Structure formats: structure tokens, C-alpha cells
Amino acid sequence: MTIPNRFDHASEAEVILEAWEKSGCSHAEVRNDRPPFTIVIPPPNVTGALHLGHGLNNTLQDILVRSKRMQGFETLWMPGTDHAGIATQAVVERRLKEQENKSRHDLGREALVERIWAWKDQYEQRILGQLKRMGASCDWPRTRFTLDETCTAAVRATFFDLFHKRRIYRGKRLVNWDTYLQTAVSDDEVFNETKKGHFWHFSYPVIDPKPGEPKRVEIATTRPETMLGDTAVAVHPDPEAALDAVEAELREKLGHTVAGEREAIEAQLEALTRRRETHLPTLLRLRDMARDGRALRLPLADREIPLIADPWAKPELGSGCVKITPAHDPNDYEVGLRAGLPMINVLNPDGTMNGEAGAYEGLNIPQARARVVEDLDRLGLLGDVEDRDIELPYSDRSKTPIEPYLADQWFVAMEELAQSAMDAVTDGRVRIRPERYRKGYLDWLSEKRDWPVSRQLWWGHRIPIWAANGLSEADAESLADRLKRLPEFDAEQVAFRVDSDDDGSRSLFVCLRDESESLESAVEGLGLTRDPDVLDTWFSSALWPHSTLGWPRQTEELDYFYPTSVLVTSRDIITLWVARMVLMGLNNVGEVPFRDVFIHPKILDGLGETMSKSKGNGVDPNDVIDKFGPDALRYGLARLATETQDVRMPVQFECPHCEKLIDQTRKNRSLPAVRCPECGETFSTQWAESDEDRAHPKAAVVSERFETARNFVNKLWNAARFTLMNLDGYMPQRVDVASLPLEDRWLLSRLSTVTRRTTEAIEGYHFAEAARVLHEFAWDEFCSFYVEIAKPRFADETQRPITQAVIAHGLDTLLRLLHPMMPFVTESIWGYLNVAAPRRGVPEPADPGRFVMRADWPVADAAHHDPAIERQFNEFQQVIGAIRKIRASQNIAPRETVPVSIRCGDASRERLEPMRTYFEALAGAEVVALGPDAGAFETDAPLAIPAIDMEVHVDLEKFIDVDAELSRLEKLLGQLVKQITGKESKLGNENFVSRAPQAVVAKERESLEELRRQHATVESDIARLRSKVG
RNA sequence: GGGCGAUUAGCUCAGUUGGUUAGAGCGCCGCCCUUACAAGGCGGAUGUCGGGGGUUCGAGUCCCUCAUCGCCCACCA
């Protein structure tokens, strides 16, 4: 059998993927002869391509899925993608603008949605292609999309149900308005940025001031144009008490603060005292005026607005008075609700001023701001203008400023839903791991804030509500009657209700459960119009575990695969997604969506920053696969998945000219073109825009962290190659384990231990641990010892057959254990092994099956596990180590065989005697004396191994370097003295001896004895060497 | 402001319930292209376990405190 000496992943992976697919290896069916194991994929957004975070997320899922499948579970990994409402629409709109200079309004709703579908088709293919290339063993024919028919039916049914239960209601709410995209964006799609701005002080005249009363009230704002929508000015109802409270808090803080901050606090206290003199009298006055129902004149708008008392006004800040703009500020909105103030919206959806702004109508915000300031100045009402750093909200999607904006929205009432999701975690029906993430989940849910679900977008699930607004009570009732009398009316399909609005008018809302053209047109025939908004993307995501299984239909898949087994995700969407899936699953199916939630780390770049395309530090799994292969990508990621969050992964450019890896820095990662410091050639990056830059070949962004993993893949490949090259004449045979030599029983015992530890690690989501255990076993034990031992045995005709049986079994088990992490290379080797050893196994050979992917997971065979055997083999390993050490210290040429003499007890002699032949292969040594009488050579390099009470002597006649030997021994002696002193003082401590557990004390004593013995040996060795050199 | 986490070798990270001399990979040094593997083999050097205090016979591990970094939530006229 000829096998290349490197695994060619580029050509092999494709072949393997095709074979798996043809054989339906990852397909799951409803079957009642075995339990299911189910994972639903966190559906990636169709916005773009997958990055390394997805790579990690999906690798971990696939490890679970593949190992469970091998364990005999009917394993379903449900794939799919998310329509990602605003993100996707924003991307398509941006392209529309850039490439055709058109807005979505130029195109219209239908045409835009059509464009987004085209985009989705393209990117979905790319994303699914990336997943397949990584080896993700999803059940591909079941692939869902959150906007497809199945998911849509689930969304409609859920909305209908919640509407029916009155858990969906309509209300006004300040939303984060993106004036560029003309939509509301959710809080988590808003980021803050600090900008230089101004803090303007204005005065509003008091209407008919009485003697002694202030003629003007000063307020301050960072957004002057909003004053046109002011409907009150507030002062604190008890400014004195409020100041007292602030002072008390400062004094409390002063009590336990460090010197550095002391001064600042004292200064604040002083300012507070001054303020009592300068501001308090005025504030008290104003408070009284507010109680009297006095009013101010709002300049420019020329409106009368009340002075009100509200605790939102902070007497310790500014003038102590605050303007109230309920339609454009979240806090003012609350004040407005409390005081029953009108809410005046002065903005159009596109960010220009509307008719309410009077003369300012049509201006955009910066223009309006400038004009307002100018006009107030002319009226003499402008006070100080301070420079100030202002934190402004920006839209994550359009990167333009957010304007708070009052709009009608649909809400989901969370009281009961949130409670149900909290209960599911507190009583353990859902387990969150690591456990510390429970707190965030529970805290967030416990606020039970109602969930605003409308989005002013075109891409998404359109809200299935038809409405008629502004009706009188009688009209609303008669309209409802007409609805009920429609021939198409069906109480199972139609829910409706009449709500009253702020202005006292009535609205009729009709919710339709399923898509039905006839019903829709009948409803529209009554004069109702459909709500233009779509639902928050998380609404459909929340249904994912059951919608993908066919709910609301009672499918057999739902019955069999739900609840799913585990959800694997990252921590930033525990609240947005995980919590909502739990409560929706409970509401719709009556059962939690998953038993376990596993939260995995985030991957950061070498500078500790999150990876993202906008920083240029994002790594495409495809680039890693190109360079290192899919198995290296997966194994490399799996070994990072520790309990510690946030893994740093230094990122490099791969120079397309010389293939060298160039570290990314904050500087070079944002350049359009970079000169390679290795070869001097220039390459381009994702930022290249000019033709000149683009002319250079583009560098892939990868991480050298995958080299280790790639090397491991290669190591495994070569261990397999060695095995396969020595399987000529292999005959399956029954193996009598008890009669096997030590080295074979050692291997079997280790296989048993490693199988158990790997299985436990994967089941406990300790992926890095599993990766480490397998790496150590494969490399340091299977390759470094068993393969070396097998060499002389293969050469011996009598030992050859049994060695073949054991090594084939060893490789077989290793392939099965590694398969979930490294599916391709293991599957490839499995194919070769099936040819060379079609039936294999210890003790009884069996048919392994065509694919390792569908092979049985190894069982930790307790009969093979034998700690005594492992200890005995370890004795041999220590002797080998001792000889190697001596050789290295004497610089003995690798191919020189040295004579060794090993002084040991009879029991050890018996064990080592049959192993004599391996000393040559492992340490280049010939054992010339072994046993209690084995002595030193004339020119001797000794090494004592006290732990097993042995002495190893190497005959150095030809090679001895006495100085080197002496310095080695003297160094050793120094270390021993240090340790002995430490132990002696520890054991001399009465407290230790009397209070520590006896076992610990005894162990210390024993170890001290050993050290002393070793010390004596080394001393005599040194003396003997010294006498030699005279 | 509240919460969570991190800080261990030059770099990236392990370190189970406190218990011999704190580990791995990469990098570094020395010797080797030995027929599975130079993407390799053998050997080696490198640590006041962030600072300080405490509990304990014993602390990388438990407690307090400070510092630095990161994330989440809230707030910011």
C-alpha cells in the first residue's frame, strides 16, 4: 500500500464530503428504536459570510453531534439561516444607494423585498457552503430559513395566539429612530460615541411674573432644535430634600474613599453648599409657582407651556430646571406620562423638521439647530454656550445619529412569559453552562419589560394585523359586527378587538392567523388596512427550535426531536435569543426548547479586540481551511474552548507572494495595501479600493495558531501511514488479552482510560480537555512509544501477527475518538484501514463499517484498564528517559549504540527482560546487564531513579566528557539539597506533623527518604568521577 | 453607577475538591534529515502565579483589598 506522506486535505475533503452526502450519513429520521439527540443551529445571519466565531460555534456543535451519532443516538442537527431583518435590509439598501443611487422608496416595497431575496439566496449558499466545507454534519435537506413558509406559519400562529390571549398590545413608545434608514432600531443596535458638542443655555420667559418672582427660567440642552417640541419645564418638587440626599450620598462616599478621590468629592460638597445659596431660593420659588399652575412662554414656537414639579429635575445640576420634550427624549417621555403633557413630535421620519416646527419645517437637524440658536440669540434668550464632550447614540447599521422618536408600536406583554422562562431555569428544566450565566439571564427576565416587536422595515414577517383607526365607539362596534358577519369569518382564523387611543377615539384591530387572500381582501373590503411594519427578527428566532420541526402542525418530528438536547451559543445573545426561545417554547409547545445551554468563549484578535470585518481583523474560516485544512481549523478551535471566556488569537496576513505570515497590528490592518517585510512585495487587503491597490494580490487573513493543529493532523496521518505500511499479511484473529506482553496490555489499558476521559470531557462540554487528552495520548504514547516498540516486533515473524492485530485496533480506536474533532483525516485513514484490516478489534475482530462517521463510539473497556500495568510500563519509560538524558548530556551521536547497565530489583528485572529489544529503538542502547547485580562501568555515567529504586549506568568509554558529566551531576546535587532542606524543615515543623492528614505526612517522609538515597548515590558518583580525573 | 470575568514562562493558554519540585503548545538554545512524520526526533533554559493583607500545618487554588484589562446592563437636560 502506498500512501502520500502528507494528508492532502484539499483533494481528500471534497471526496469525503460527497461520499458522506451520498450515503446520507448525517440524515436523521423519526425512529422508535433509539433515543434522539437534537441540536438546532443558531441560524447565521444571511447578511454576509461566516467568521471564526461561527467556526467555533459550529465546530463545537458538530463535535457533540458526531460523537452522539456514533454513540447510537438518532442525531438531528437542524441547519438554517436567519433573515436578520434590519441588518440585511440595511446592507441591500446601502448597495442600492452606492451602485444605483436609489433609495428604497424609489424602488418600492415589493421590488426591494425581491432584491433582498436575491441577496439572501446568494449569501445563504455561501454560508451553507462554508459550513459544509468545515464538515458540519447537519441534516441538509431539512435546511430552514426564518422567513420560509414553515417558519412563517409558526410566526403567524404565535402572533395570533398572543393577540388572542391579549399578550400583544399596541402602544406608543420612544424608539431609536434611524433617520437614514428611516426605521426604528433596537437598543442593541445602537452604539454610543463621544463627540465634541455644545451645551447651550437658554432662558424661557415667565408669563406675567409677580413681583419677586424670576422673570425667566434657565434651562440647558445639547439638542436645541428639540425645544420646538417642549411641552413643559420641570423643577424638583422638593429641591431642598433632593440636595440633602445628594450631600448625604457624597459624605457616605467620603467615608470610605482613597486619598486621590477625596479632593474631588470635597470640591463637590463645597459646590453643593454654594448652590444652596445661589440656586435654592430660586428653585423653591419656582416650585411654588409650579404648584400654582404658572406657565412659561416657549420662544420661537410662541406657545404657552406649564411649569411643573417633577423629581426628574435635578437641583444639583445646571440651573436645576429641565425642559421637557416628551416626544424626543426617553426620560421626558416618562415625565410627560406622569404629568399628562401633550407630546409634540417635531420630526419627519427622514430627520427633517415637520409642520409642528412652524417656520423651521423642512430643515434638517443641523440646519434647524443652527437656526434655533441664532434666533434665540437675537431674542436675547441665549445664555452661555459650553464646549462639551457628548455621548451620542449612533445606529449600528447606518452609522448615522439616532433620534429618539415617538411611534406606535406593537408590544408583547412579558409578565407571565418572562416568569415561565425564569422558572424553567430556576427549577433546572433548562441548565445553563457555565453556571455563572444564569444570573444575567434571570436578572434580565426579572425586569419583565414588555417587548416592542414592531420594526419599521420591509424585510421580515409583516405584522398580521389589519386596523381601522380614529373611529367613534359606535362606528367601531358596528365595524366589528360587520366583520363577524363576513361569510369568510372563522373564529379559529380571525381575532379582533377594539382599543381606545390617547385622543379618545377607537381603533379596530383584526389579526389573521393564516395567510388567506380571500379573508384578507374581505377584511380590506371593510376599509381596514394592513399594518405596514414587520416583526423584530428575534420574534421568529424565538420560535426556531419548534418552528423548524413543523410547529404548529403536530408533526412526528416535533414529537420525537423536541425538546432539543442542547443549545450551543455565545453569551451576547443569552437574553435576546436564549431567554425568548425558552418562553416561546413554553407558550407554544408547553415544553422547554432545550435541556442544556452551553455558552462558549468569544474569539478575540491578538490585541484583545473582537474580530469584525469593519476592523479588518476578521478571519474567514475558508482562508484557514485553504492554508491548514478543515481538521486543523476544527481541532485548533476545539482546543480553545475552555471555560475561560475570550480567547486571544493573534491574526496574520498571509503574504500571497512568499506565503510568510505577517503579524497584524492596529496600524497595518486598516491599510489598503501592505509591503511584505519578508519579501518586499506588496499585497492588498480588504480595504483596497483604488485600481492601483487592487492590482496587488490580496492577502488572506489567518492565524498561525492553527499550525499546531495542522501538525497534529500530520502526525496522526503518519502514524497511520506507518501502521498501514506494516499491515501486509494481516489476518483477523481473536486476541487473548491476558497472554499479551506488557507493552500491548499497556496500550489497551491506556486506550480504555483515554476513551473514558474523552467521552466524559465531551459530555461535560470540556472540549479543550478532550482535545488535550487525545493529543497527549496520540503523540506521546501511541506514536512515541507504541509505534517505536512495534518496529522490532514487525521485523520478528513470530510477533508480527499479534502486533498487527493490536496496532490496528489501537489506530481504529484513536480514529473513532478523534473523528468528531477531525472528521476528514480520520475518515480518509479509515478508508485505507478498511482495505488493510477489514475486520479488526480486541479481543474479537468485527466489521468496522464503511464510515468512521457511522462507526460505534468506543466503550471504555474496564477489563482492559489496569493501573498496575500502566505503572509497570511507566517504569520502563523512566529508564528510557534516563538513558536519553545521559546521552544528550554527553553529546553522543544518535546512531552510536551505547551499552547500559540497569541495577534494579528482581521484579523489575523480570518485567524489563522481555523489553530488552526496545532499548535500541527508543534510546539507542544495548542492555548488557540487568538486575540486582548490575554494576557500573569503568567509565560510567550513572543516573539514579529513586521513585522506582533503579540505577541506570551508561558505558561512556568512547564518549566520556568528564567535565560535562560532573557539571550535570553537581547541578543535580544542588537541586537535591534544596529539596531535602525544604522537606526537612517541613517535617521538623510540629504543626505540620500533628495537623496535616497522616497520609500527607507519610508521603512527605517517604519522599524525603527517596531524596536522601538519591543524594547519596549522586555524591558517590561524583566522588568516583573525580578520582578518575585525579 | 450595578453586575460578570480575567491577570500564571517572551506569546497563547491549562492547572479538578487547598497537599511532593506549577504544566502544555508556539518561540528560544544544543544535538540530529535515524526508512511513519524536519509539519519530525532527543535533550535543555525560562515563572517574586498582577500588588498588598488575611485564613491555614500548608495558598496559583479560599477570604478581603487595591491596580489594570475586557464584557454585559443601566444612566448621561
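Since this is a predicted model, take the numbers as computed values, not measurements.
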> Which sits closer to the 5' end of RNA chain B, Glu776(A) or Arg705(A), going by the nucleotide each is nearest to?
Replying inline: Arg705(A)
> For the side chain of Arg757(A) and the backbone of Glu769(A), is there at least one donor-acceptor N/O pair under 3.5 Å apart?
Replying inline: no
> Between the side chain of Tyr635(A) and the main-chain N/O of Ala771(A), is any donor-acceptor distance below 3.5 Å?
Replying inline: yes
>> For nucleotides 3-9 of chain B, give me one character per nucleotide, 5' to 3': B if any protein heavy atom sits under 4.0 Å from the base, S if the only such contacts are to the sugar-phosphate, - if neither.
In response: SSS----
>> Between Lys791(A) and A36(B), is there a contact of a side-chain N or O with OP1 or OP2 at under 4.0 Å?
In response: yes
> What is the nucleic acid contact for Val993(A), judged by heavy atoms within less than 4.0 Å: base, sugar-phosphate only, or nothing?
Replying inline: nothing
>> Counting only Watson-Crick pairs (N1-N3 plus N6-O4 or O6-N4) and G-U wobbles (N1-O2, O6-N3), all under 3.5 Å, who is the partner of U16(B)?
In response: none
>> Determine whether a donor-acceptor pair (N or O, by modelled atom type, separation under 3.5 Å) exists between the side chain of Gln804(A) and the backbone of Asn726(A).
In response: yes
>> How many whole angstroms separate atom CG of Leu833(A) from atom P of A36(B)?
In response: 18 Å
>> Tell me the interatomic distance from Asn991(A), atom CG, to G58(B), atom C1', rounded to whole angstroms.
In response: 10 Å
> Distance between the P atoms of C11(B) and A67(B), in whole angstroms?
Replying inline: 24 Å
> Counting side-chain heavy atoms from CB outward, which of C26(B), C71(B), A36(B) is closest to Met725(A)?
Replying inline: A36(B)
>> Judged by each residue's nearest nucleotide on RNA chain B, which is more toward the 5′ side, Gly320(A) or Val647(A)?
In response: Val647(A)
>> Roughly how many Å apart are G50(B) and A45(B), using the C1' atom of each and rounding to a whole number?
In response: 25 Å
>> Considering every strand and a 4.0 Å limit on heavy-atom distances, what is the contact class for Thr575(A): base, sugar-phosphate, or nothing?
In response: nothing
>> With side chain to side chain contact (heavy atoms under 4.5 Å, CB included) as the test, pick out the partner of Tyr204(A) among Leu376(A), Leu381(A), Leu298(A).
In response: Leu298(A)
> Given the rule in the side-chain contact (heavy atoms from CB on, under 4.5 Å) test, do Leu1008(A) and Leu987(A) qualify, once you have shown the distances and angles that lead to the verdict?
Replying inline: CA-CA 9 Å; Leu1008(A) 178 59; Leu987(A) 284 162; 3.7 Å; yes
>> When you measure from the side chain of Ser703(A) to the backbone of Pro650(A), do you find a donor-acceptor pair of N or O atoms at a distance under 3.5 Å?
In response: yes
> What does G50(B) pair with, Watson-Crick or G-U, if both distances are under 3.5 Å?
Replying inline: C66(B)
> In whole angstrom, what separates Phe782(A)'s CZ from A36(B)'s P?
Replying inline: 14 Å
> In the structure shown, which nucleotide is the Watson-Crick or G-U wobble counterpart of A22(B), with both distances under 3.5 Å?
Replying inline: none
> Taking the side chain from His328(A) and the backbone from Pro404(A), do they hold a donor-acceptor pair closer than 3.5 Å?
Replying inline: yes
> What integer distance in Å separates Asp728(A):CG from U35(B):P?
Replying inline: 19 Å
What nitrogen or oxygen pairs link the protein and nucleotides 38-41 of chain B at under 3.5 Å?
| residue | atom | partner | partner atom | Å |
| --- | --- | --- | --- | --- |
| A39(B) | OP1 | Arg6(A) | NH2 | 3.0 |
| A39(B) | O4' | Asn711(A) | OD1 | 3.1 |
| A39(B) | O2' | Asn714(A) | OD1 | 2.7 |
| A39(B) | N7 | Arg6(A) | NE | 3.3 |
| A39(B) | N7 | Arg6(A) | NH1 | 2.5 |
| A39(B) | N7 | Arg6(A) | NH2 | 3.0 |
| A39(B) | N6 | Arg6(A) | NH1 | 3.1 |
| A39(B) | N3 | Arg710(A) | NE | 3.1 |
| G40(B) | OP1 | Asn711(A) | ND2 | 3.2 |
| G40(B) | O3' | Lys715(A) | NZ | 3.2 |
| G41(B) | OP1 | Lys715(A) | NZ | 3.1 |
| G41(B) | OP1 | Trp779(A) | NE1 | 2.6 |

> Who does G58(B) pair with, Watson-Crick or G-U, both distances under 3.5 Å?
Replying inline: none
>> Measuring from the side chain of Arg648(A) (C-beta onward, heavy atoms only), which nucleotide among U12(B), G44(B), U20(B) has the closest atom?
In response: U12(B)
> With respect to the side chain of Arg449(A), which nucleotide from A36(B), U12(B), C73(B) is positioned closest?
Replying inline: C73(B)
>> Whole angstroms only, please: what is the CH2-C1' distance between Trp444(A) and G2(B)?
In response: 18 Å
>> In whole Å, measure the gap between the C1' atoms of G18(B) and A59(B) for me.
In response: 6 Å
> Please give, in whole Å, the distance from G18(B) C1' to Phe992(A) CZ?
Replying inline: 13 Å
>> Would you measure the distance from the P atom in C31(B) across to the matching atom in A6(B) and give it in whole Å?
In response: 43 Å
> Hey, does Trp312(A) reach any base, or is it just sugar-phosphate, or nothing, if we go heavy atoms under 4.0 Å?
Replying inline: sugar-phosphate
>> Please report the distance separating the C1' of C13(B) from the corresponding atom of U17(B), rounded so that it comes out in whole Å.
In response: 23 Å
> Of the nucleotides A36(B), A14(B), U12(B), which one has an atom closest to the side chain of Pro650(A)?
Replying inline: U12(B)
> C1' atom, A22(B) versus U61(B): distance in rounded Å?
Replying inline: 11 Å
> Hey, does the side chain of Arg887(A) reach the backbone of Ala925(A) with a donor-acceptor pair shorter than 3.5 angstrom?
Replying inline: no
> Does G1(B) pair with anything, Watson-Crick or G-U wobble, both distances under 3.5 Å, and if so, with which nucleotide?
Replying inline: C73(B)
> When the C1' atoms of G58(B) and U65(B) are considered, how many whole Å apart are they?
Replying inline: 23 Å
> Roughly, in whole Å, what's the span from NZ in Lys986(A) to C1' in U56(B)?
Replying inline: 13 Å
>> Base, sugar-phosphate or nothing for Glu788(A)? Non-hydrogen atoms, less than 4.0 Å.
In response: base
> Short question: side chain of Glu920(A), backbone of Thr897(A) - any donor-acceptor pair under 3.5 Å?
Replying inline: no
> Looking only at atom types and distance, does a side-chain atom of Ser828(A) sit under 3.5 Å from a main-chain N or O of Val825(A), one as donor and one as acceptor?
Replying inline: no
> Is any side-chain N or O of Thr642(A) closer than 4.0 Å to OP1 or OP2 of C13(B)?
Replying inline: no
> How close or far is atom C1' of C75(B) from atom NZ of Lys314(A), stated in whole angstroms?
Replying inline: 10 Å
> Looking only at atom P, what distance separates U35(B) and G51(B), rounded to whole Å?
Replying inline: 49 Å
>> Set out, in order, the CA-CA distance, both residues' side-chain angles and the distance that settles side-chain contact (heavy atoms from CB on, under 4.5 Å) for Lys314(A) and His236(A), then state yes or no.
In response: CA-CA 6 Å; Lys314(A) 303 278 183 272; His236(A) 197 280; over 6 Å; no
> With both distances kept under 3.5 Å, what pairs with C28(B), Watson-Crick or G-U wobble?
Replying inline: G44(B)
> Closest approach of Ala579(A) and Trp444(A), non-hydrogen atoms and distance?
Replying inline: CB-CZ3, 4.1 Å
